[in-house]
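Encoded as structure tokens, the structure appears first; notes follow it.
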Amino acid sequence: MQLIRNEMEKRIVCIVGPTACHKTECAILLAKRIDGEIVSADSVQVYRGMDIGSAKPSLEERQGIPHHLIDCLPIDTPEFSVSQFRSMAAEAISEIHAKNRTPILVGGSGLYINALTFPLEFAVPRNDMVRQIVSQEYDENPEKAFGRLRQNDPETAARLHVNDKKRVVRALEVFDCSGKPLSAFGNDFQNDAGSEPPFLPLLFGLHMERQRLYERINLRVDRMMKQGLLEEAKRIYAMPYDRNLPAMCAIGYRQLFAYLDGESSLESAVEKIKQESRRYAKRQLTWFRRDQRILWRDVTNFEDEKERLLDEFTEKTQAFMKGTCE
RNA sequence: GCCUCGGUAGCUCAGCUGGUAGAGCAAGGGACUGAAAAUCCCUGUGUCGGUGGUUCAAGUCCACUCUGAGGCA
């Protein structure tokens with residue numbers, strides 16, 4: 001009995017997909033129908049002050065539905081990462097469960113979704129000192145550094161490319177800190193090794209015709225500019241933040257900072273934002289496409305079909321939460 | 001009407017004296033384990049404007065033709 005109860009408490013609904021694909025609206029509509037609360041899985045919406053560029057839903061758009069993991073960090077947070085996201089999101093989800101409501105995890109940061117739905121360990125915390133040493137080692141001779149990885153962690157080396165500095169350095173950092181290869185931590189989200197994931201997800205994926213998606217992205221960027229994205233970027237630009245902070249690299253802001261630096265025209269910065277957003281959407285699709293758990297729905301004609309779509313999502317969610325699905 | 005220079009990948013263009021075409025950008029696909037809106041890898045067949053001709057062989061030479069830009073009358 002206790003077992004079943006715990007099982008129930010681990011269930012969450014997820015809505016994933018590329019940027020500008022109606023995830024936000026869909027999640028809010030679903031939340032209203034099933035008495036849910038929304039947990040954002042978005043690596044930029046966590047930052048306060050990055051509202052327009054990260055496409056945060058306004059209070060009005062949220063329609064009274066509680067949103068978690070939005071606006072919970074200042075921009076100059078140097079070390080926010082997946083594992084912190086996971087513990088904060090896990091806490092939010094538990095609170096929602098405790099209220100007997102349904103958590104709806106929605107967002108486009110694929111790794112964040114996986115951190116909550118696959119048994120990833122993140123066992124070895126980041127170590128800046130070691131990372132710096134290894135990074136230097138890599139800069140001096142990438143081939144040699146990669147050779148050392150191949151020797152100590154052939155499995156991870158086989159997965160990575162020499163040029164992928166971030167990952168090669170991180171893998172060596174893990175080895176140097178723990179004495180164990182990264183691959184020995186045995187968490188693999190392609191075919192999990194049998195250990196328990198933090199939560200049991202029902203995954204809905206939204207997609208649409210590529211051309212339509214790109215149109216929507218372009219239009220949304222234009223709308224953001226009208227809503228004052230430049231002013232928002234200026235406000236952040238005026239602060240003495242380190243340009244290498246994760247938040248400062250976000251699409252929309254980075255390109256406008258380049259404009260404010262005098263490196264490009266405003267027009268070309270806006271074009272760049274659109275292009276980078278389109279490429280981002282493509283990468284998101286690549287990420288989510290390989291996830292066999294996702295139930296995909298075409299939302300090319302979202303406006304016409306949303307009632308029917310929501311009916312289906314509602315029904316599937318209710319069955320899933322009761323445990324009669326699967 | 002005449003002269004000149006163009007028309008080659010989605011775009012901008014290379015292609016020497018004939019041997020069935022290649023760069024940049026765009027685009028597409030993939031990877032992803034404490035930076036993930038980040039980071040990295042892979043991918044170039046296209047009526048060489050059209051028709052005919054010369055040639056063993058034509059993007060390349062010739063003729064005609066369509067079309068764009070500029071110049072001269």
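First the proteins, then the strands, lettered A, B, ... as listed; each starts at 1. Small disclaimer: the values here were computed from a predicted structure and weren't measured.
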For B/A63, the Watson-Crick or wobble partner whose two distances fall under 3.5 Å: B/U51

Name the pairing partner of B/G18, where a pair is Watson-Crick or G-U wobble with both distances under 3.5 Å, or state none. none

Which whole-number value in Å describes the distance from A/Tyr112 OH to B/U33 P? 14 Å

Which residues in residues 69-95 of chain A have a heavy atom closer than 4.0 Å to any atom of RNA chain B? A/Phe80, A/Ser81, A/Val82, A/Ser83, A/Gln84

Taking only side-chain nitrogens and oxygens of A/Arg170, does any of them come within less than 4.0 Å of OP1 or OP2 of B/G34? yes

So A/Ser54, base contact, sugar-phosphate only, or nothing? Heavy-atom distance under 4.0 Å. base

Given B/A35, B/G34, B/U39, which nucleotide is nearest the side-chain atoms of A/Arg254? B/U39

Going by side chain to side chain contact (heavy atoms under 4.5 Å, CB included), name the residues that satisfy it together with A/Arg48, two or more places apart in sequence or in a different chain. A/Asp71, A/Pro74

Whole angstrom value for the distance that separates P of B/A36 from CG of A/Leu120: 15 Å

How long is the straight-line distance from CD of A/Glu209 back to OG1 of A/Thr300, given to the nearest 0.5 Å? 4.5 Å

Just how far, in rounded Å, is P of B/G34 from CZ of A/Phe118? 16 Å

Applying a 4.0 Å non-hydrogen cut-off, can you work out what A/Gly53 is touching in the nucleic acid: base, sugar-phosphate, or nothing? base

Closer than 4.0 Å, any side-chain N/O of A/Arg167 to the OP1 or OP2 of B/U33? yes

Does A/Ser109 reach a base, just sugar-phosphate, or nothing at all? Heavy atoms under 4.0 Å. sugar-phosphate

Check: protein-nucleotides 25-28 of chain B nitrogen or oxygen pairs below 3.5 Å:
residue: B/A26; atom: OP1; partner: A/Arg279; partner atom: NH2; Å: 2.7
residue: B/A26; atom: OP2; partner: A/Arg279; partner atom: NH2; Å: 3.4
residue: B/A26; atom: O3'; partner: A/Gln275; partner atom: NE2; Å: 3.3
residue: B/A27; atom: OP1; partner: A/Arg278; partner atom: NH1; Å: 3.2
residue: B/A27; atom: OP2; partner: A/Arg279; partner atom: NE; Å: 3.2
residue: B/A27; atom: OP2; partner: A/Arg279; partner atom: NH2; Å: 3.1
residue: B/G28; atom: OP1; partner: A/Arg210; partner atom: NH1; Å: 3.2
residue: B/G28; atom: OP1; partner: A/Tyr214; partner atom: OH; Å: 2.8
residue: B/G28; atom: OP2; partner: A/Tyr214; partner atom: OH; Å: 3.4

Using the P atom as the point on both nucleotides, what is the distance between B/U43 and B/C25, in whole Å? 14 Å

Measuring to OP1 and OP2 of B/A35, would you say a side-chain N or O of A/Arg126 lies under 4.0 angstrom away? yes

Mind checking if A/Val162 touches a base, just sugar-phosphate, or nothing, with heavy atoms under 4.0 Å? nothing

What's the gap between B/A35 and B/C40 when it is taken at their C1' atoms, as a whole Å value? 14 Å

Distance check, P atoms only: B/A9 and B/G59, in whole angstrom units. 15 Å

For A/Gln284 and B/A36, what is the distance between atoms CD and C1' respectively, to the nearest whole Å? 10 Å

Which part of the nucleic acid, if any, lies within reach of A/Asn244 when heavy atoms closer than 4.0 Å are counted: base, sugar-phosphate only, or nothing? nothing

What does A/Pro246 touch in the nucleic acid at a heavy-atom separation under 4.0 angstrom: a base, only the sugar-phosphate, or nothing? sugar-phosphate

Taking pairing as Watson-Crick or G-U wobble with both contacts under 3.5 Å, can you name the mate of B/A36, or confirm there isn't one? none

Nucleotide forming a Watson-Crick or wobble pair with B/C25, both distances under 3.5 Å: B/G10

When you compare B/U17 with B/A23, how far apart are their C1' atoms, in angstrom units rounded to a whole number? 23 Å

P-based separation of B/C13 from B/C64 [nearest Å]: 28 Å

Hey, mind stepping through A/Glu37 and A/Lys99 against salt bridge (charged side-chain N to carboxylate O under 4.0 Å, His left out) and telling me if it holds? CA-CA 10 Å; A/Glu37 295 193 12; A/Lys99 284 187 268 184; 2.8 Å; yes

Rounded to whole angstrom, note down the P distance from B/G50 over to B/A21. 16 Å

Pairing nucleotide - B/C2, Watson-Crick or G-U, each distance under 3.5 Å: B/G71

What's the gap between B/G46 and B/U4 when it is taken at their C1' atoms, as a whole Å value? 29 Å

Whole-Å distance separating the CH2 atom of A/Trp287 from the P atom of B/U39: 15 Å

